[in-house]
Amino acid sequence: MKRILPKRFDPRPVEERWYSYWEEQELFHADVNSPLPPYSIVIPPPNVTGSLHMGHALNNTLQDICVRYKRMDGYNVLWMPGTDHAGIATQNVVERQLAQEGLSRQDLGREAFLKRVWEWKEKYGGLIIHQLKRLGASCDWSRERFTMDEGLSRAVRVVFVRLYQEGLIYKGDYIINWCPRCTTALSDLEVVHEEHDSSLYYIRYPLLDRGGFVTVATTRPETMLGDTAVAVNPDDPRFHHLVGKQCRLPLMNRILPIIADSYVQADFGTGALKITPAHDPNDFEIGLRHGLEKIRVIDDRGRMNENAGRFSGLDRDQCRKEVLQALEQEGLLERVEPYRHMVGHCQRCRTVIEPTVSKQWFVRVKPLADEAIRAVKEGRTRIIPKKWENDYFAWMEGIRDWCISRQIWWGHRIPAWYCSRCGEMTVAEEEPQQCTSCGGEQLQQESDVLDTWFSSALWPFSTMGWPERTRELEIFYPTSLLVTGFDILTFWVARMLMMGLKFMGDVPFRDVYIHALVRDIEGRKMSKSLGNVIDPLEMIERYGADAFRFALAAFAAQGRDIKLSTERIEGYRNFMNKLWNAARFVLMNLDEEHPEQDLSPLSKRSLADRWILSRLARTVEAVRKALDEYRFNDAAGAIYQFLWHEYCDWYLEWIKLDLYSPRVPEDRQRAQAVMLHVLTTVVQLLHPFTPFITEEIWQALPHTQDSVMKSRFPVPRAEDFDPEAEKEIRWVQQVIVGIRNLRAEVHVPPSTRVDVVVIPTPETLELFRAHAEVIRALARIEELVIDPNAPRPKKAVYAISENAEIHLPLVGVVDLKREQERLEKEIQETQRELSQNHRKLANPDFVQKAPQEIVRKVRSRKEQLEDRLERLQEGLRRIRAAMDS
RNA sequence: GGGCGGAUAGCUCAGUGGGAAGAGCGCUGGCCUUACAAGCCAGAGGUCACAGGUUCAAUCCCUGUUCCGCCUACCA
């Protein structure tokens, strides 16, 4: 049954139809009983709160390309999908919702609040999954996971308990990053630094027992209320006499020791540093070294607490103002300098971070990190592009303990229970019945939950059923590939490596492909506040998922960010339409009885067939190679170039002769078979990039498999490579372009047939004769004279092309002046290149030292140019003669 | 402060183990040439950031400079 396609490709209905078809046929499903070799990817789980942004779109398009490629290439593919509970982000969303009802989470209480979050998750949490489907992602949805699922939660507890028992998790008082808005601790990675214009304040601390001051410089005067020392560098002679002495803390009247610590930079500020161990990470360290008291003056909400004396109750910003005012009044504010520096902010809510001492849980990362470093060094996991390995090593080598406790409610609650009788702590996978030290039965669970990344770190094996020993783990772990952005290389990738090695005894993935960031056209990060976000769903609506995906792949060059604009997506929409119309053409030119798919024997192929099949084989080879190396843009580019500029622009035009007016019926059948074979192959090549349109075309074409997904990814056939055919066709193409060029020069429209006289050299005579017909057709020639002895037409435009003179005689008036200028220009260019070649060949060093092959090339080029020059000059002479007459 | 990356056509970007510079978009001219005007044909446009060096030969390798990004850091 022959189907005629509409002139334009309409993506919407096609996308819906085929996605549900694939799902119904369970084509995304990975079968643990398959005999095929496994290939697996776990999705970087998007936040449940999230909706699809460009980063997701790129990330998942690339994964889908890999996964669809491998599936067609004969692998048993598992693409494991799921979402992340995103502790702080999700809690914030629901809290905002509550706030509109005038409620806080404390009003509800922990249990009711969590119920609320779950409700929210059920209702809105699936959004991004639907969006991924719109994009065409071929995840195994039957295996979808959520980090708070019962199974995954159990994995979290098992890991926690084991790490605790091995002493790799501990609890203690340390300085951490505190967000006073989210009221929780944050890991170092969740703090983003931004440059601020602020001031450096010079404050006098009066010396005890003698007159004078020691002046310290600070950017945060409000923290002075918690100062417990002043420090100077031990090698700073200016302060030798003060070390060991004391000073008085203004406003608080506390006596502070003056200590010596080499951390202090003598050349910064005054060389004297105020020490606030409870509110500065460095001061904290110094405090430990010197046994200083840690006085917290700022509470969980960023207000001054009871230790702040008369400032207690003030907000920390307000406090700063009042402290400065008070100092001024006492004459202790020496001066204020403008100062620009980096200030830490909460990644989630942008609030300025308050470093604070508090009781938190930590992972002792060093021993885990050492293993993870080794795995990459030994190549058990490859990071691609390789340059990211440096970032990875740098971060892993300087790694600090990981603060994993969060003072929020939404997340995996830390499996530790405190006995109300003896106060001892019991850590266990399941809630204990009684205290392990005193047997008491009044137990209270730790209220903190774990950092979301703690559960994400287990994702490659927790999703596959760990700690059970499942078939999935056996087959699909380690996974083959992880695709992610560099922004979470340290957050997530490094941690998965550590946990995978620790608990599975092997790396979680063989390859890590790090892709670029998607930016706007000016190279800025897309952000809501800048208003420069391009919504992927909108792009899919407007241009279709295929065009959008292809655009992303085409721009995904390694090592460079993607600057995306809608115009560029539009360009690839046009490409989709080109493919569509090629298919339309093929279908229109097939007979009811469709031709043998099995191509005719090599001996029966026409030159054009040999050429297109050779080009196709090269394209297949290039695409496979590029995909194997994660060079998505090269793969996309190779297909684009081949389909549009070789298959459509040349081959289809070429075979119109055979299709419309075959000399023998076999010519038509042969052309049909080849054009169909090539199109089918391109559709298969393209399927991983543009799944919808290729399925639609596949179904319209004669096909044996009931989905293009089930067909075998093309393999280049050795017998198709045909350099001779490529060379010969290249020659014909250049002749045709030469003639078209002349036509364009004198503005002959395509509809007008012209006569052409070719005067070939002896070498090219036969070639011209062999291809006369196609030259006539593609250059739109009425009469083509090929004769070495033909008289040169009187009034004609003229070109030298591929060892022949080509004359295009004109009936009307030729603009001789213009012709003269054109030839003169061409002569000039030829001379310039020729003299370059002369220079090279005149240089004995070149002839001696350059490889013979190069020298030969230059020589033959020189001869060619000389011949060309001669003929051009001859042409010019004739023009001049004609002008004179 | 340290580290990394970039600088190639008007724009966005490929590219090369050193041996006549590429694409897409845009632009110019001509076309409804029976698959496609989301198209066809042809064309213009580049001291490959700057200065040195290595080489017979440098856009490519080396050194330095300038500009632009990003990451990172405990100078308060």
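Residue numbers begin at 1 in each chain, while the letters A, B, ... track the order of the sequences.
- Between the CG atom of A:L652 and the P atom of B:C41 there is a distance of 12 Å, rounded to whole Å.
- Side-chain N/O atoms of A:K7 include one lying less than 4.0 angstrom from OP1 or OP2 on B:A37.
- Put simply, A:K656 has a side-chain N or O that comes within less than 4.0 Å of OP1 or OP2 on B:A35.
- The interatomic distance linking A:D267 (CG) with B:G1 (P) rounds to 13 Å, in whole Å.
- Atom name P, nucleotides B:C70 and B:A9: the rounded distance is 22 Å, in whole Å.
- Set against B:C74, B:G19, B:C36, the side chain of A:E653 has B:C36 as its closest nucleotide.
- Straight-line distance between the C1' atoms of B:C68 and B:A49: roughly 11 Å, to the nearest whole Å.
- Using a 4.0 Å heavy-atom criterion, one finds that A:F575 contacts no nucleic acid atom at all.
- For A:Y263, the side-chain atoms get nearest to B:C74 when compared with the rest of B:C74, B:A35, B:C56.
- Of all heavy-atom pairs between A:A636 and A:A554, the closest is CB-CA, 4.0 Å.
- Between the C1' atom of B:U72 and the CG atom of A:D188 lies a distance of 12 Å, rounded to the nearest Å.
- In the set B:C56, B:A38, B:A42, the nucleotide with an atom closest to the side chain of A:R8 is B:A38.
- B:G5 and B:G19: their P atoms are spaced 23 Å apart (whole Å).
- Checking B:A35, B:C41, B:C75 against every side-chain atom of A:K578, the shortest atom distance belongs to B:A35.
- Taking a cutoff of 4.0 Å between a charged side-chain nitrogen and a carboxylate oxygen, A:E354 and A:R220 qualify as a salt bridge.
- Across B:G2 and B:C13, the matching P atoms stand 28 Å from one another, rounded to whole Å.
- Closest contact between the side chain of A:T218 and the listed nucleotides B:A76, B:C40, B:A42 involves B:A76.
- Considering only side-chain N and O atoms, A:W395 lies nowhere under 4.0 angstrom from the phosphate OP1 or OP2 of B:C4.
- For the pair A:E190 (side chain) and A:S187 (backbone), a donor-acceptor distance under 3.5 Å is present.
- In this structure, A:L643 places its CG atom 13 Å from P of B:G24, rounding to the nearest Å.
- Rounded to whole Å, atom C1' of B:U34 lies 10 Å from atom CZ of A:R584.
- B:U28 and B:G45: their P atoms are spaced 16 Å apart (whole Å).
- In summary, A:E653 and A:K656 engage in a salt bridge, as defined by a charged side-chain N under 4.0 Å from a carboxylate O.
- Looking only at side-chain heavy atoms (C-beta outward), A:D867 and A:Q864 stay at 4.5 Å or farther from each other.
- Partner assigned to B:A42 is B:U28, using Watson-Crick or G-U wobble distances below 3.5 angstrom.
- Between the side chains of A:E334 and A:Y201, no donor-acceptor pair of N or O atoms lies under 3.5 Å.
- The side chain of A:H645 contributes no N or O atom lying less than 4.0 Å from OP1 or OP2 of B:C41.
- Here the nucleotide nearest the side chain of A:F846, chosen from B:G19, B:A42, B:A35, is B:G19.
- If you measure from atom NE2 of A:H193 to atom C1' of B:C70, you get 15 Å, rounded to the nearest angstrom.
- Shown here, B:G17 forms no base pair; nothing in the strands shown gives a Watson-Crick or G-U wobble contact with both key distances under 3.5 Å.
- Distance from the side chain of A:N574 is smallest to B:G39 among B:G39, B:A76, B:C56.
- Closest to the side chain of A:P749, out of B:C25, B:G19, B:C31, is B:C31.
- Rounded to a whole angstrom, the distance from the P atom of B:U66 to that of B:C50 is 16 Å.
- The partner of B:G1, taking Watson-Crick or G-U wobble pairs whose two distances both stay under 3.5 Å, is B:U72.
- Rounded to the nearest Å, the gap between the P atom of B:G52 and that of B:G15 is 29 Å.
- Listed nucleotides B:C40, B:C75, B:A35 differ in distance to A:Y339; the shortest reach to its side chain belongs to B:C75.
- Between A:Y392 and B:C4 there is no side-chain polar atom (N or O) within less than 4.0 angstrom of OP1 or OP2.
- In terms of phosphate contacts, A:R573 brings no side-chain nitrogen or oxygen within less than 4.0 Å of OP1 or OP2 of B:A38.
- Residues A:D227 and A:Y205 are in side-chain contact: their nearest non-hydrogen atoms beyond the backbone lie under 4.5 Å apart.
- Within the 4.0 Å cut-off from OP1 or OP2 of B:U33, not a single side-chain nitrogen or oxygen of A:R780 is found.
- Using a 4.0 Å heavy-atom distance criterion, A:E389 is classed as making no nucleic acid contact.
- Looking at heavy-atom distances under 4.0 Å, A:M342 makes contact with a base.
- With a 3.5 Å ceiling on both atom-pair distances, B:A57 lacks any Watson-Crick or G-U wobble partner.
- The side chain of A:L273 lies closest to B:A76 when the candidates are B:U33, B:A76, B:A42.
- Base pairing annotation: B:C50 forms a Watson-Crick or G-U wobble pair with B:G64, both donor-acceptor distances under 3.5 Å.
- When heavy atoms are screened at a 4.0 angstrom cut-off, A:V264 is found touching base atoms of the nucleic acid.
- A donor-acceptor contact closer than 3.5 angstrom links the side chains of A:N177 and A:D188.
- Put simply, the side chain of A:R238 gets close to the backbone of A:A266: a donor and an acceptor are under 3.5 Å apart.
- Using a 4.0 Å cut-off, no side-chain N or O of A:N581 falls inside it from OP1 or OP2 of B:G39.
- Rounded to whole Å, the P atom of B:U55 lies 49 Å from the corresponding atom of B:A76.
- Listed for the A:N581 side chain is a donor-acceptor partner under 3.5 Å among the backbone atoms of A:K7.
- When heavy atoms are screened at a 4.0 angstrom cut-off, A:D283 is found touching no nucleic acid atom at all.
- At whole-Å resolution of the value, CD in A:Q852 and P in B:A57 are 17 Å apart.
- If you take CG of A:L679 and C1' of B:C36, they are 14 Å apart, rounded to a whole angstrom.
- Taking 4.0 angstrom as the limit, A:N390 places none of its side-chain polar atoms (N or O) nearer than this to OP1 or OP2 of B:G3.
- Using a 4.0 Å heavy-atom distance criterion, A:G738 is classed as making no nucleic acid contact.
- At a threshold of 4.0 angstrom between heavy atoms, the contacts of A:Y572 with the nucleic acid are absent.
- In terms of position along RNA chain B, the nucleotide closest to A:A582 lies nearer the 5' end than the nucleotide closest to the other residue of the pair A:A582 and A:G271.
- When heavy atoms are screened at a 4.0 angstrom cut-off, A:P844 is found touching no nucleic acid atom at all.
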